[in-house]
> 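The structure that follows is given in the form of structure tokens.
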Amino acid sequence: QVDLFRKFLDVFLTEKQLDTFMKKTPDSYGNLMVDGDGLLYTINIGEHAYIQKHSMNGSKVTGLEDKQQQLEFVVDIAMDTDGNMFALDKEGHVVEMTSEGIWLCVFGNLVDKSDRVGLFETPSGVGVDESGNLYILDKTRNMIQKFTPTVSQEQIHKAISTYNSGDYKTAGDIFSQILKTNESSSYAHFYMGRIEMYNQNYTTAAEHFKVSYARKEYSEAFWEIRNQWLIGNMKYIVGIVGILLIFIRLCRTYFKSFNIGFFKSNLRMRNLRFCKDFSWLKEEIKHPIDNAYEISIDNRGNYATSTFIYLLVFVCFTVYRLCSGFIFSATIEDFPLLVYLGGYVATLALLLVGNTLISSIQDSRGTFKSIFVSTSYSMVPLLIAFPIMTVLNNLFTYNEQFICQLILIVAIIWTVVIFTLAQLKVHDYSFGKFVKIIFFTIVFMLVAILLISLFYLLAQQIVDFVLQVYTEVMIRD
């Protein structure tokens, strides 16, 4: 499918620039194999490749890609009698994985100014016989190299085959021996976790799944652990909740309000402009239109407080992404902080500048400061939602993730509504005129992104040209 952004780029970019900027067509299949049951396995060409399983009618069978790691530039694939798969890439790497896509080992490489056995010049094919021996074809050297499984690898194959046959006790003993020699083996931990789940040792299973980074299986183990804990501690939970309700009732009786405003009135911090402006966030929830009016006449908000709110939203989002428990958290590698921060700042900058420029030619009463402040205050639902979702994700499994998704959707809709009401008051626009301003603001943002992308492509071409000239000069010298 071609999305709206791609159609927008088609208007301004040439075909060559489009090929450089983004790919239009998906990768084609590079190779295939058929197993003993007649199921078809394919691998796509190029980067980000995964082995995919297809039924006899050609439809894709889900589940195989869930546990696979990414492959790159695969030239051939093969399968042994136990269902273990082998992938050979153009760099000479041979990847062995189970029938479920779990990586077992990687070996091989290209020749490096030597003619050593076990390395390849142009790897082009892989095959496996009934004994598990691998045969790698080297196209340039016109030779086939044979690889025999080591004792350790035969032990791994035996353990997996035993597990697949249903003899979990024997398989567990073999995997335990493997972990004694290689305690960081992810696949051994994964299968041990499955065996412990079968034996209903959920805590131990969760530990194994965590080491093997199997989030789906860890979620299932955590579900059982949580249920056991709730059943064993239900009377204490009910008692604590009852005590808290009585405490809240007493506080409301003696202090009239549980927000302890009596104590707040004695704090000097309340007299500071920053703290006072920050305290108006609660008014944004109760009376967003009145709060926007006070902002428009410069009675509330300033650059320092609003900048702090923007940064606080990003901090809450970062904590939400990195501290939402093992099941839902992103890893540091998968969450490039500077990239997200740059995208966040750039989006805000384009939105604020675009809104100010477009509204300035539409007889708006709003100023850049009022737009800057009112937009920051409208993000208060996200400030509430991110901490709540962070806490819940540490208690939830995949079965309850829809609750956090619902909270996020409500927070986003709430933010959009507050932003709309604030902008209507700040600019003193009708709803129809506001929609028109937002439309042109979005167009401004897209054009700005397009110009930045064109500048990036131009700069990249200049750098490549300079490097080519430099290389040519160095070679001639």
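Start at 1 with the first residue, then count along the sequence.
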> Do the rings of Tyr310 and Phe372 sit parallel, tilted or perpendicular, given the 30° and 60° boundaries?
perpendicular
> Can you run down the side chain to side chain donor-acceptor pair (under 3.5 Å) pairs that involve residues 335-350, sequence neighbours left out, and say none if there aren't any?
none
> To check you understand the geometry: which heavy-atom pair defines the closest contact between Cys323 and Thr390, and what is its length?
O-CG2, 3.4 Å
> Quick one: OG1 on Thr203 to CD on Glu224, what's the gap to the nearest 0.5 Å?
11.0 Å
> Say you draw a straight line from CD1 of Ile225 to OH of Tyr202; how long is it, rounded to the nearest 0.5 Å?
9.5 Å
> Contact between Trp103 and Val95 at the side-chain level, heavy atoms closer than 4.5 Å - yes or no?
yes
> Ser376 and Ser306: side-chain donor and acceptor closer than 3.5 Å?
yes
> Is it true that the side chains of Asn142 and Thr140 contain a donor and an acceptor less than 3.5 Å apart?
no
> Look at atom CG of Leu406 and say whether more than 12 heavy atoms of other residues, nucleotides or ligands are closer to it than 6.0 Å.
yes
> Contact between Ile178 and Ile156 at the side-chain level, heavy atoms closer than 4.5 Å - yes or no?
yes
> Check Val211, Ile102, Ile195 against Phe190 for a side-chain contact (heavy atoms from CB on, under 4.5 Å) and give me the one that passes.
Ile102
> Side chains of Asp334 and Thr331: do they bring a donor and an acceptor to under 3.5 Å?
yes
> Could you tell me if the side chain of Thr397 sits less than 4.5 Å from the side chain of Glu220, heavy atoms only?
no
> Quick one, Gln460 and Tyr456 - any side-chain contact, counting heavy atoms below 4.5 Å?
yes
> Distance from Phe386 atom CZ to Cys404 atom SG, nearest 0.5 Å?
11.5 Å
> Run the salt-bridge test on Arg226 and Glu400 with the 4.0 Å N-O cut-off and return the result as yes or no.
yes
> Shortest non-hydrogen contact from Ala330 to Arg215?
CA-NH2, 4.3 Å
> Examine the side chains of Thr170 and Asp167 and answer whether a donor and an acceptor come within less than 3.5 Å of each other.
yes
> Using the rule given for side-chain contact (heavy atoms from CB on, under 4.5 Å), can you reason through Leu457 versus Ser453, listing the C-alpha separation, both sets of side-chain angles and the distance that settles it, and then say yes or no?
CA-CA 6 Å; Leu457 291 174; Ser453 302; 5.5 Å; no
> Identify the heavy atoms of Ser212 and Phe209 that sit nearest to each other, and give their distance.
OG-O, 3.1 Å
> If we only count heavy atoms from C-beta on, is the Thr181 to Gln177 side-chain gap below 4.5 Å?
no
> Would a 4.5 Å heavy-atom cut-off, applied to side chains only, mark Phe120 and Val111 as touching?
no
> Taking atom CZ of Phe175 and atom CD of Gln155, what is their separation to the nearest 0.5 Å?
9.5 Å
> Between Asp129 (side chain only) and Gly132 (backbone N and O only), is there a donor and an acceptor less than 3.5 Å apart?
yes
> Any side-chain heavy atom of Ser124 sitting closer than 4.5 Å to one from Val75?
no
> Please lay out, stage by stage, how Phe147 and Asn133 fare under the test side-chain contact (heavy atoms from CB on, under 4.5 Å).
CA-CA 6 Å; Phe147 295 87; Asn133 298 314; over 6 Å; no
> With Lys146 as the cation and Tyr135 as the aromatic partner, state whether NZ or CZ is under 6.0 Å from the six-membered ring centre and within 45° of the axis.
no
> Quick one about Gln153 and Glu96 (side-chain donor to acceptor, distance below 3.5 Å, no hydrogens or angles considered), yes or no?
yes
> Apply side-chain contact (heavy atoms from CB on, under 4.5 Å) to residues Arg141 and Gln145 and explain how you reach the verdict.
CA-CA 11 Å; Arg141 298 162 74 181; Gln145 298 191 52; 4.0 Å; yes
> Side-chain contact test, heavy atoms from C-beta onward, threshold under 4.5 Å: evaluate it for Met379 versus Val313 and give yes or no.
yes
> Give me the ring orientation class for Tyr218 and Phe222: parallel if the planes are under 30° apart, tilted from 30 to 60°, perpendicular past 60°.
parallel
> Please work out whether the ring planes of Tyr213 and Phe326 are parallel, tilted or perpendicular, with thresholds of 30° and 60°.
perpendicular
> Applying side-chain contact (heavy atoms from CB on, under 4.5 Å), run through Ile160 and Thr98 and close with a yes or a no.
CA-CA 8 Å; Ile160 296 174; Thr98 68; 3.7 Å; yes
> Supply the atom-to-atom distance Leu88 CG to Ile77 CD1, rounded to the nearest 0.5 angstrom.
11.0 Å
> Does the Ser185 side chain pair with the main chain of Asn182, one donor and one acceptor, at a distance under 3.5 Å?
no
> Please confirm whether the backbone N or O of Asp82 pairs with a side-chain atom of Asp80, one donor and one acceptor, at under 3.5 Å?
yes
> Given ring-ring contact (aromatic ring centres under 6.0 Å, His included), test Phe328 with Tyr398 step by step and report yes or no.
CA-CA 9 Å; Phe328 300 103; Tyr398 281 133; 5.5 Å; yes
> Going from OG on Ser378 to CH2 on Trp414, what distance comes out if it is rounded to the nearest 0.5 angstrom?
12.0 Å
> I need the single residue from His189, Arg194, Glu196 that forms a side chain to side chain donor-acceptor pair (under 3.5 Å) with His208. Which is it?
His189
